[in-house]
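Report on one structure; see the data block that follows.
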Amino acid sequence: MSDLRQGRPAAAGAWRQMIAGAAGMLVALGAAVTPAAATEPWLTVDDEGFATFTVPVDELEAMVGGEVTQIVAEGNFGPSANWAEFGLTLRGDVATAVLGPLEPGQYYYQITADDHLTVKDPTNDTSVASEPEWSTFFVPGEGAELLADAPAADRGELQELTYRSSVAREQRVALAWTPPDYDADRPEPYPVLFLQHGGGQSYRDWTEVGRAAQIFDNLYAAGRIQPMVVVMGNGNVDDFPAELRRHITRVAQRTFNISRDPSQRALAGLSMGGGQAFDVLATRPGDFGYVGTFGAGRFDHLDDLPVEAINEGTELFRLYVGNQTDIAYNDVFTAMDALDRAGVEHEFDGANPDAGHNWDAWQENLVDFAQRLFQEPPFEGMSPGHLPIEEPFETPAPGTTPTPWVDENGYVTFETSTEFADAEHVTVWANWGPSHLWTRVELSKAGDRWRGTVGPLSPGWYHYRFIVDLESTKDTGNPTSVTSEPTWSQFFVPGESARMVTPVPDGEGGEIRELNYHSDVTEGERTALAWTPPGYDVDREEPYPVFYLQHGGGQSYTDWTEMGQAKNILDNHFRDGNLEPMVVVMGNGNVDDFTSELLENLAPAAEEQLNVSDDPDRRALAGLSMGGGQTMQILTTRPGEFAYVGTFSAGYSGDPAALDADAINDGTTLLRLYNGNVTDFTYDSVVGTLETFDQVGIEYEFAGFFEGPHGWDTWQHDLIDFAPRIFR
């Protein structure tokens, strides 16, 4: 396994996709299966960075030799570009899902069925020698220009170098990049960079995953690096300094017109390769004038460094690392402290806040390091936006509750109880993927518990569950609960951008109370929740306007407060002066005839027990998903009952000829529609609804497509936008 996976076990999970406010999966990793012939692409990526996976089940089953029930795509889709798993939904004879929008950059992925059957996408002709089950794809765009293919005239040449290694006792291969105007007869030899891979990887990884050739092509074409030769050797050997000195450098010198002057030679590597580069610096100081370590977690010889020789023989020694999710983060902090105390001259690029121990970080490291070789650097100090490491990243002691632990920078650490000490595979599955989609991040065994850190996460509310050997499990260390989803827990990452969902100080918000009533539709007792504003007066002469707010399918009347943060949203709007004093009633929509339930049971009960108006001009109705469909049904069949209407991720599916546009327009002060992006499965329905309403002349407002899926992040946004617009 490569360094990318940070100790991921040989078995991984499976998937499940849910509609009631979430989409996600459980997954696993196993041995690669030989690709079979396939025709239609399993993956397509549109111009906006949405990746659509469409895996034919019969083709996959032919590849694995049997029936499958669970299919996932897994790759560098997680927070900080770390490895995560994304579930595909079985729809007929295909497993499909849309992931995105993905940030511009390089992606790598594999397809996994039923926990352990991993296959390479046979319709993707890219390959990764060290990871036979992987495929790659590139999303172009701002920030990834240096990773894009350069014009043909600006491309350097890649060629393999073969040699016999006495250290490894085998025939070996290295890879080299030469600039497009390389001249084998140039009087002045070219400077050379020896660039090393990480553990479990190969000499080809820097080009197949890291897009090093594109980086050098584009930097050279832009005049940002000196003409040089880059040699990528095989570092999988016990004695790398000997392999480098005896074989890699010698075969490069025999093949290319490169300098033997240490001041014209550079050495860098990622992870294991970074540790090897430091080992060469410490044991053979002066052999390379430039040394870089990218996410290195091993720094040997720190207690006995030849300080004077290192300082005299090294023009540049620069260290790089990712953020707190990088397994090398604390090692780099410790190493820099030891280097400072020893007096070793070095530079630190700063911790990359956006990437962990992965190719996103290492690509940035290479871009920065290459521009510092054999010339004046583009700038001094840390890269823009990078951060100093002032202390090691530490998490609470095992068994400390409640969990998870959220630090001030948005890093969230999960820990299981000891009851899963014998588990084989544990993940945490949450709404932190692109567009807040559900993706799953693996935890690592830590004694008799499982642990893992995710982040940095944007401010807001997150909901999650543990998946322990394929079983959904509640985090018993987290006291939060979700009535409609017993295995779910929640946590909050504070921040200014999440102010509207942040709890207000005690005593400054409204009150949540129960509303109990008898339903003739269900012939039983039912319960709703109501939010009343601060200063609510049951005896006020003028009844309060009332807003009926409905949940989605598979949910409950408690979901808008437990998951939707409705109380926090309403409290903050009220404190800001954005909200007309009103009562908000959250009813139970799990009933066959919701129109009758609302108009004949719930609304009369609210009017009896609360001081609310029965005037349609003082009533509003909105709902999400199923609740949005129920809202649309009342709007179109009983126009004029509610002057303010909002639909969240819901469309109209009836006959356009049955719509009475005049009645709807006359009886509705505001009709506002909301939806998520193309990952929201109601997207096409809502697009069709807008076209239908335009055709028949229904007046409405459309809020635009929120960058979110069919989930609570989208619906919280919708409520934040809708509530201040009513009764004003």
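Predicted model, so just to flag it, every value in this text is computed and none were measured.
Put simply, the residue from F333, F317, F278 that forms a ring-ring contact (aromatic ring centres under 6.0 Å, His included) with F299 is F278. When each of Y190, W177, F216 is tested with Y182 by the rule ring-ring contact (aromatic ring centres under 6.0 Å, His included), just one qualifies, namely Y190. Just one residue in the list W206, F138, Y107 forms a ring-ring contact (aromatic ring centres under 6.0 Å, His included) with W359, and that residue is W206. The only option from E160, R172, H197 that meets the side chain to side chain donor-acceptor pair (under 3.5 Å) definition with Y203 turns out to be E160.
Of all the heavy atoms in E347 and R318, the pair that sits closest is OE1-NH1, 2.7 Å. Of all heavy-atom pairs between N76 and Q106, the closest is ND2-O, 3.2 Å. Residues V307 and G343 share a closest heavy-atom pair of CG1-O, 3.6 Å. The nearest pair of heavy atoms linking V98 to V678 is CG1-CG2, 4.2 Å. Taking all atoms of both residues into account, the shortest heavy-atom contact from E208 to T136 is O-CG2, 3.9 Å. Between L302 and A335, the closest heavy-atom pair is CD1-CA, 4.1 Å.
The closest donor-acceptor contact from the side chain of S165 to the backbone of V167 lies under 3.5 Å. Q363 contributes no side-chain N or O that, together with a main-chain N or O of A361, makes up a donor-acceptor pair within less than 3.5 Å. At distances below 3.5 Å, not a single donor-acceptor pair connects side-chain atoms of R372 with backbone N or O atoms of P377. A donor-acceptor pair under 3.5 Å is formed between the side chain of D46 and the backbone N or O of F50. Side-chain atoms of N677 do not come within 3.5 Å of backbone N or O of F705 as any donor-acceptor pair. Listed for the N358 side chain is a donor-acceptor partner under 3.5 Å among the backbone atoms of D360. With hydrogens and angles ignored, the 3.5 Å screen pairs a side-chain donor or acceptor of R265 with a backbone N or O of D287. Side-chain atoms of Q375 come within 3.5 Å of backbone N or O of Q371 as a donor-acceptor pair. A donor-acceptor pair under 3.5 Å is absent between the side-chain atoms of Q324 and the main chain of Y411, judged by distance alone. With hydrogens and angles ignored, the 3.5 Å screen pairs no side-chain donor or acceptor of S80 with any backbone N or O of N82.
Below 30°, between 30° and 60°, or above 60°: for F137 and F77 the angle between ring planes is between 30° and 60°, a tilted geometry. Ring-plane geometry between Y462 and W432 is classed as tilted, the angle between the planes lying from 30 to 60 degrees on a 0 to 90 degree scale.
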Item to complete: Apply the test ring pair (Phe, Tyr, Trp, His ring centres under 6.0 Å) to residues F53 and Y109: give CA-CA distance (whole Å), side-chain angles for both, the deciding distance (0.1 Å), then the verdict.
Response: CA-CA 11 Å; F53 293 93; Y109 70 98; 5.7 Å; yes

Worksheet item: Please walk me through it: do S271 and H357 pass side-chain hydrogen bond (donor to acceptor under 3.5 Å, both in side chains)?
Response: CA-CA 8 Å; S271 195; H357 198 74; 2.9 Å; yes

Discussion item. Would D340 and H346 count as a side-chain contact (heavy atoms from CB on, under 4.5 Å) here? Give the steps.
Written reply: CA-CA 8 Å; D340 287 337; H346 64 279; 2.9 Å; yes

Practice prompt. Using the side-chain contact (heavy atoms from CB on, under 4.5 Å) rule, take D331 and R298 through it: C-alpha gap first, then chi angles, then the decisive distance, then the call.
Written response: CA-CA 7 Å; D331 295 310; R298 190 198 74 186; over 6 Å; no

Practice prompt. Tell me, with the steps shown, if Q214 and D149 meet side-chain contact (heavy atoms from CB on, under 4.5 Å).
Written response: CA-CA 6 Å; Q214 287 86 346; D149 290 336; 2.9 Å; yes

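Interatomic distance, F369 CZ to L267 CG, rounded to the nearest 0.5 Å: 7.5 Å. To the nearest 0.5 angstrom, L219 atom CG is 8.5 Å from M228 atom CE. For the atom pair CD1 of I248 and CG of N234, the computed distance is 7.0 Å after rounding to the nearest 0.5 Å.
Aromatic ring centres of Y108 and W134 lie closer together than 6.0 Å. Ring centroid separation for the pair F491 and F414 comes in under the 6.0 Å cut-off. Note: Y290 and F374 meet the aromatic proximity criterion, with ring centroids under 6.0 Å apart.
Side-chain atoms of S263 and E315, non-hydrogen and from C-beta on, never get closer than 4.5 Å to each other. Two residues are said to be in side-chain contact when any heavy atoms from C-beta on lie closer than 4.5 Å; V321 and D349 fail this criterion. With contacts defined as side-chain heavy-atom distances shorter than 4.5 Å, the pair T679/L99 does not qualify. Side-chain contact check for P241 versus L244: every heavy-atom pair is 4.5 Å or farther apart. Between F379 and D368 the shortest side-chain heavy-atom distance falls below 4.5 Å. With contacts defined as side-chain heavy-atom distances shorter than 4.5 Å, the pair F240/D279 does not qualify. The shortest side-chain heavy-atom distance between T325 and V454 does not fall under the 4.5 Å cut-off. Proximity of L195 to L366: side-chain heavy atoms (C-beta onward) are separated by under 4.5 Å at one or more points.
In this model, a donor atom of one side chain and an acceptor atom of the other lie less than 3.5 Å apart for E74 and T112.
The 12-atom threshold is exceeded at CD of Q171, counting heavy atoms of other residues, nucleotides or ligands nearer than 6.0 Å. Summarising the local packing, CD of E170 is surrounded by more than 12 heavy atoms from other residues, nucleotides or ligands at distances under 6.0 Å.
Comment: D125 does not engage K120 in a salt bridge, judged by the lack of any side-chain N to carboxylate O separation of less than 4.0 angstrom.
Note that R250 lies outside the cation-pi zone of Y163, set by a 6.0 Å cut-off to the ring centre and a 45° limit from the axis.
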